[in-house]
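Values below: all heavy atoms of this structure, side chains included; hydrogens, waters and symmetry mates excluded.
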2 protein chains.
Amino acid sequence: MIDRRSDRAFYKQLADELREQIASGHLAGGARLPSQKTLAEKYGISIDTVRDAIDVLKAEGLVVTRQGQPTRVREAGPKQAVPLPEDFVAVGARMPTQEERDRLDLATGVPVLVVRTSEGEMVYAADSTHLVATDASSVA
Amino acid sequence: MIDRRSDRAFYKQLADELREQIASGHLAGGARLPSQKTLAEKYGISIDTVRDAIDVLKAEGLVVTRQGQPTRVREAGPKQAVPLPEDFVAVGARMPTQEERDRLDLATGVPVLVVRTSEGEMVYAADSTHLVATDASSVA
DNA sequence: CCGGATTTGTACGTATGTATT
DNA sequence: GAATACATACGTACAAATCCG
């Protein structure tokens with residue numbers, strides 16, 4: 001529920017509530033969220049405020065929206081293990097550039113892994129990739 | 001400028017333009033963006049639409065907003081090199097949880113690096129950290 | 001220290017467009 | 001074609017934080 005006397009913004013309260021439902025598994029990966037209209041009526045707030053809450057969850061990579069379709073909890077696809085090169089210089093992460101989002105077809109809130117070697121940089125969708133030791137024998 | 005005949009949403013066009021100015025260095029780290037009001041007047045669009053554009057850039061980790069202060073291009077602080085443990089199992093990245101955002105004081109659009117070892121997981125702000133070979137002799 | 005100006009934040013409303021089911 | 005759902009864009013009003021003279 002939304003506490004109208006609270007200092008916390010309504011859209012943050014709603015985001016908190018939905019986030020909790022996702023974290024607890026009450027809303028599992030792929031599950032549909034109630035429509036914005038439904039949420040607005042249920043909580044007695046405007047659709048705009050509901051959208052603000054959804055935007056927060058999108059930026060956190062928790063949900064995915066597509067026009068004409070219900071908002072769904074983002075499903076992390078099976079991660080592919082990629083060997084970390086022996087000669088890597090550094091590993092970092094950041095949000096993708098516009099070009100990378102288009103090229104890798106990344107949803108909002110999905111970062112990329114960047115591996116720098118002496119040869120150059122490799123960029124992986126963090127969504128679907130994790131890096132493992134080159135000696136893959138120890139991988140779980 | 002904004003092409004009102006374009007199919008591309010106004011807020012996306014504005015986000016593109018600001019993103020380009022940041023990428024090109026025309027707006028350097030720490031630089032102030034024009035106020036939302038100024039941008040709205042300059043481009044002949046509503047403040048709400050300007051805010052939508054700013055929201056895009058926030059999610060991309062490009063700008064930071066704070067109430068009462070001008071919007072600024074995010075400054076990536078000096079990155080600290082952290083040795084990657086010899087016994088690491090996997091390295092990944094994701095957006096932080098609410099708790100991590102609070103604890104690490106992360107801005108919107110800043111992912112975290114996750115290092116899994118046999119001992120457990122370590123989480124680093126990708127903003128200020130990159131992982132390097134345990135043998136640090138090769139680090140630039 | 002105070003008050004005004006500036007700037008972003010929150011919340012509401014309306015209307016229409018576009019994509020999917 | 002109809003119904004549903006999200007997307008875009010405009011407007012208003014007020015609140016809260018910061019900055020500056």
Whether [X] contacts [N] is assessed here as follows: a side-chain N or O lying under 4.0 Å from the phosphate OP1 or OP2. Is that the case?
| X | N | value |
| --- | --- | --- |
| A:Gln36 | D:dA7 | yes |
| B:Thr49 | D:dC10 | yes |
| B:Thr71 | C:dT7 | no |
| B:Lys37 | C:dT8 | no |
| B:Lys12 | D:dA7 | no |
| A:Arg51 | D:dA7 | yes |

#### Entry: Pairwise side-chain contact, B:Gln13 with B:Asp3, heavy-atom cut-off 4.5 Å (strictly under)
yes

### Message
Quick check: do A:Val82 and A:Met122 have side-chain heavy atoms less than 4.5 Å from each other?
### Response
no

### Task
Select base, sugar-phosphate, or nothing to describe what A:Ile45 touches, counting heavy atoms under 4.0 Å on all strands.
sugar-phosphate

### Task
Name the nucleic acid region contacted by B:Arg4, choosing base, sugar-phosphate or nothing; use a 4.0 angstrom heavy-atom cut-off, strictly under.
sugar-phosphate

### Task
Take atom CG of A:Asp48 and atom P of C:dA11, then tell me their distance rounded to the nearest Å.
10 Å

### Task
Would you kindly say whether A:Glu17 and A:Tyr43 are connected by a side-chain donor-acceptor distance under 3.5 Å?
yes

#### Entry: Side chain A:Gln67 and base D:dA5 donor-acceptor under 3.5 Å
no

### Message
Take a 6.0 Å sphere around NZ of A:Lys79 and say whether it holds more than 12 heavy atoms from other residues, nucleotides or ligands.
### Response
yes

